[in-house]
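Everything on this sheet refers to the single structure shown next.
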Amino acid sequence: MKAIVVGGGIGGLAAAVSLRRVGWEVEVHERAASFGEIGAGVGVMPNAMRALEWMGLDDEARRLGTPRVSGGIRAVDGRWLVHMPDVGQEKVIAMHRADLHGVLLRALPSEILFNDAEVSGADDLDADLVVAADGINSRLRAEVLPDAPGPVYAGATAWRGVAPGPYDLPISQTLGPGGEAGILPLGDGRVCWYVAAVAPAQADLDPVELFAGWHDPLPSLVASTADVIRHDIYQLPLLPTFVKGRVALLGDAAHAMTPYLGQGACMALEDAVTLAAVGGDLTRYDALRRPRTQSVWKGSRIAGRFGIEMRSPIAVTLRNLALRMMPLSAGIRGMTRFSAWEVPTEVHSNGSNSAVS
Ligand SMILES: Cc1cc2nc3c(=O)[nH]c(=O)nc-3n(C[C@H](O)[C@H](O)[C@H](O)COP(=O)(O)OP(=O)(O)OC[C@H]3O[C@@H](n4cnc5c(N)ncnc54)[C@H](O)[C@@H]3O)c2cc1C
């Protein structure tokens, strides 16, 4: 069985690794001149670590990343609203996105990777399965689901970067009125950060000014970063299906979501393993992945409403009070509620799958 994966981002490469693991012949077609990943940090959540474990890449991810537990949610003045203890929790692996991409890339032989290879449609692809991992603006999605709505602006814009440090900080998310920020410390003292603000798309804003009054060290993280990446945040309205004919949508092409739960790339890893686990059975893939990813998508929308989108001072005070009063167990449940995913039972522990053997 042969699969062509369109797109060599985290989702596409993970699909290629996973399908090869259950015996598929795979090619990856990437339109960029080389395989790579821009961006800053990614928190590899426990659910995504289980996907990497199934791919046999968890040790490599742990080696390049930094296991983190303690941290939580803070107010703009730095007070902890929810503070996670360092014991008894599954660890999040803090990584640079390029390192996660590199772990997947190195697991694939170079002869199956085609760069400068933009795909304009599925019809010309000679394969039993086409994996559309071509991102939020997926051309293949537009082709196979022409009536599905395209991405819509989520009302906020984000900046991301890696500050040189050295810093010794816990993982944290800071909720403000009309903005939020995240800190993901890497093991070598560098810190991946993002800040986001409610604003019109392409608004001319300076994050250094916008976040100047936020707690330390956020202002200096932003100010000391040489390469700051700006992204207006778009999301993809919920699709009625992730599959059509021999095409499977995967990753942001299927379910691009707001970043407020930090689960977008993690969902792409889950998609990839599931697709392989069900032996490329697209009905089963759709049945397993659509409910799961769409509930995380909705969770992220809700997190946005109670986080970044809350702007009235009274509402923000009440939200912060509610978070501080919440029993710790409820706070931890809230922060980890989407991490409980397990690899589908179709998969045998060695990665082989009866559906394809
Ligand atoms: C501000 C922000 C913060 C985020 N933070 C996190 C986080 O902390 N944790 C997390 O899990 N997720 C996070 N995400 C989400 C995460 O970035 C995405 O969900 C993830 O990268 C999607 O991967 P993908 O492979 O599906 O798509 P992409 O990374 O978009 O890859 C698509 C690839 O397809 C290629 N391509 C496109 N069209 C074609 C074509 N026609 N032919 C061939 N190739 C093509 C592109 O060049 C690209 O390489 C964040 C997103 C944003 C915006």
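Remember, predicted model here, so these are calculated numbers, not experimental data. In each ligand, atom 1 is the first atom listed, and ligand 1 is the first ligand listed.
Environment of CZ in R311: sparse, with no more than 12 heavy atoms of neighbouring residues, nucleotides or ligands closer than 6.0 Å. Heavy-atom contacts from other residues, nucleotides or ligands closer than 6.0 Å to CG of D116 number more than 12. Counting non-hydrogen atoms of other residues, nucleotides and ligands closer than 6.0 Å to CG of D188 gives a total above 12.
At a 3.5 angstrom cut-off on N or O pairs, G262 counts as close to ligand 1. Geometrically, ligand 1 and G251 share no nitrogen or oxygen pair separated by less than 3.5 Å. Inclusion of I136 in the set of residues having an N or O under 3.5 Å from an N or O of ligand 1 is not warranted. In terms of polar-atom proximity, H231 is not counted as a contact of ligand 1, lacking any N or O under 3.5 Å from an N or O of the ligand. Every N/O-N/O distance between E37 and ligand 1 stays at or above 3.5 Å. At least one N/O-N/O distance between R31 and ligand 1 falls below 3.5 Å.
Counted by atom type alone, S18 and W54 present zero donor-acceptor pairs between their side chains at under 3.5 Å.
A heavy-atom separation below 4.0 Å is found between A117 and ligand 1.
For D59, the side chain to side chain donor-acceptor pair (under 3.5 Å) test picks out R62, with sequence neighbours left out. Taking R337 as the reference, L261 meet the side chain to side chain contact (heavy atoms under 4.5 Å, CB included) condition, with sequence neighbours excluded.
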I would like to know whether D232 and Q202 meet side-chain hydrogen bond (donor to acceptor under 3.5 Å, both in side chains); could you show each step before the answer?
CA-CA 7 Å; D232 287 333; Q202 296 177 359; 4.8 Å; no

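At a heavy-atom cutoff of 4.0 Å, ligand 1 is contacted by the side chain of R97 but not by its backbone. When non-hydrogen atoms are compared, ligand 1 lies under 4.0 Å from the backbone of A133 (N, CA, C, O) but not from its side chain. With a 4.0 Å heavy-atom cut-off, ligand 1 is reached by the side chain of R160 but not by its N, CA, C or O. The residue S138 has no part lying near ligand 1, judged by heavy-atom distances below 4.0 Å. Only the side chain of A158 comes within 4.0 Å of ligand 1, judged by heavy-atom distances. Contact annotation: for P259 versus ligand 1, heavy atoms closer than 4.0 Å belong to the side chain alone.
When ring centroids are compared, H101 and F35 stay outside the 6.0 Å threshold.
Between D286 and the options R284, R289, R290, a salt bridge (Lys or Arg N to Asp or Glu O under 4.0 Å) holds for only R290.
Heavy-atom contacts of V42 reach the following atoms of ligand 1: 9 (N), 10 (C), 11 (O) (cutoff under 4.0 Å). The contact set between ligand 1 and I10, taken as ligand atoms under 4.0 Å from a residue heavy atom, comprises 25 (O). Interface atoms of ligand 1 facing G135, defined by a heavy-atom separation under 4.0 Å, are 27 (O), 30 (O), 32 (C). Set against the non-hydrogen atoms of H29, the atoms of ligand 1 under 4.0 Å away are 43 (C), 44 (N). Atoms of ligand 1 found under 4.0 Å from any heavy atom of G7, numbered from 1 in the order shown, are 33 (C), 34 (O), 35 (C), 44 (N).
Annotation: atom 42 (N) of ligand 1 to nearest protein heavy atom, V119 N, 3.0 Å. For atom 47 (O) of ligand 1, the closest non-hydrogen atom of the protein is E30 OE2, 2.6 Å.
In this structure, Y285 contributes its side chain and L249 its backbone to a donor-acceptor pair below 3.5 Å. Judged by distance alone, with hydrogens and angles left aside, the side-chain atoms of D128 form a donor-acceptor pair with the main-chain N or O of K2 at under 3.5 Å. For H231 (side chain) and I233 (main-chain N/O), no donor-acceptor pair under 3.5 Å exists by modelled atom type.
Across A14, G11, G8, heavy-atom proximity to atom 24 (P) of ligand 1 is greatest for G11. For atom 15 (C) of ligand 1, the choice among A268, G264, C266, S300 with the nearest heavy atom turns out to be G264.
Ion pairing between a basic and an acidic side chain is recognised when a charged N comes within 4.0 Å of a carboxylate O; E53 and R50 show no such pairing.
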